[in-house]
Amino acid sequence: QVQLVESGGGLAQPGGSLRLSCAASGFTFSNDAMSWARQGPGKGLEWVSGILRDGSDTYYADSVKGRFSISRDEDTVYLEMNNLKPEDTGVYYCKIAGTNYWGQGTQVVVSS
């Protein structure tokens, strides 16, 4: 079974940092590009970041570029979030690119 398990969410102050992790199993992780998306309160799903299957290139939404960094190792994809803003609040999901396989999500709240 494909499993994607996000972790690392929580409460952060504006300007603070969090690192999200997505542990992957049940598929050939090295063959798939991965992505992160988020959904804030009252908002639609927003694509945040992506990384190629070999990590050779990364992509970011304009809203997070320069603040967030995506990376991966053998079985986990990460999202390092720096200089957090209140508008970064939401549930963050990892996804296998080009599929409808999602993790359960991890909640991020950015508030003073």
same_hphob_cluster([X], [Y]) at 4.5 Å side-chain heavy-atom cutoff:
X	Y	value
Met34	Val91	no
Leu79	Val108	yes
Ile51	Tyr78	no
Leu52	Trp47	yes

Chi angles and distances behind the side chain to side chain contact (heavy atoms under 4.5 Å, CB included) call for Ser63, Glu46
CA-CA 10 Å; Ser63 58; Glu46 178 190 19; 3.1 Å; yes
Classify the ring geometry between Tyr92 and Phe68 as parallel (under 30°), tilted (30 to 60°) or perpendicular (over 60°).
tilted
Do Ser111 and Pro86 make a side-chain contact, defined as non-hydrogen atoms from C-beta onward lying under 4.5 Å apart?
no
Where is the tightest heavy-atom contact between [X] and [Y], given as atom of each residue plus distance?
X	Y	result
Thr89	Val110	OG1-N, 3.0 Å
Asn82	Ser17	OD1-OG, 2.9 Å
Thr76	Ser21	CG2-CB, 4.1 Å
Thr106	Gly8	OG1-N, 4.1 Å

Between [X] (side chain only) and [Y] (backbone N and O only), is there a donor and an acceptor less than 3.5 Å apart?
X	Y	value
Arg38	Gly90	no
Thr28	Ser30	no
Ser49	Tyr60	no
Gln104	Glu6	yes

Could you tell me the separation between the [atom1] atom of [X] and the [atom2] atom of [Y], rounded to the nearest 0.5 Å?
X	Y	atom1	atom2	answer
Met81	Leu20	CE	CG	4.0 Å
Ile70	Cys22	CD1	SG	9.5 Å
Ser112	Leu11	OG	CG	9.5 Å

I'd like to know whether Tyr59 forms a side chain to side chain contact (heavy atoms under 4.5 Å, CB included) with Ser35, so could you lay out the CA-CA distance, the side-chain angles of the two residues, the decisive distance to 0.1 Å, and finally the verdict.
CA-CA 9 Å; Tyr59 308 89; Ser35 64; over 6 Å; no
Please assess Asp32 against Phe27 for the test side chain to side chain contact (heavy atoms under 4.5 Å, CB included), listing each intermediate value before the final yes or no.
CA-CA 9 Å; Asp32 291 287; Phe27 66 103; 3.5 Å; yes
Checking Arg72 against Phe29: charged group under 6.0 Å from the ring centre and within 45 degrees of the axis?
yes
Given Leu45 and Tyr93, is the side chain to side chain contact (heavy atoms under 4.5 Å, CB included) satisfied, shown in steps?
CA-CA 10 Å; Leu45 194 65; Tyr93 303 92; 4.2 Å; yes
Over 12 foreign heavy atoms within 6.0 Å of CD, Gln13:
no
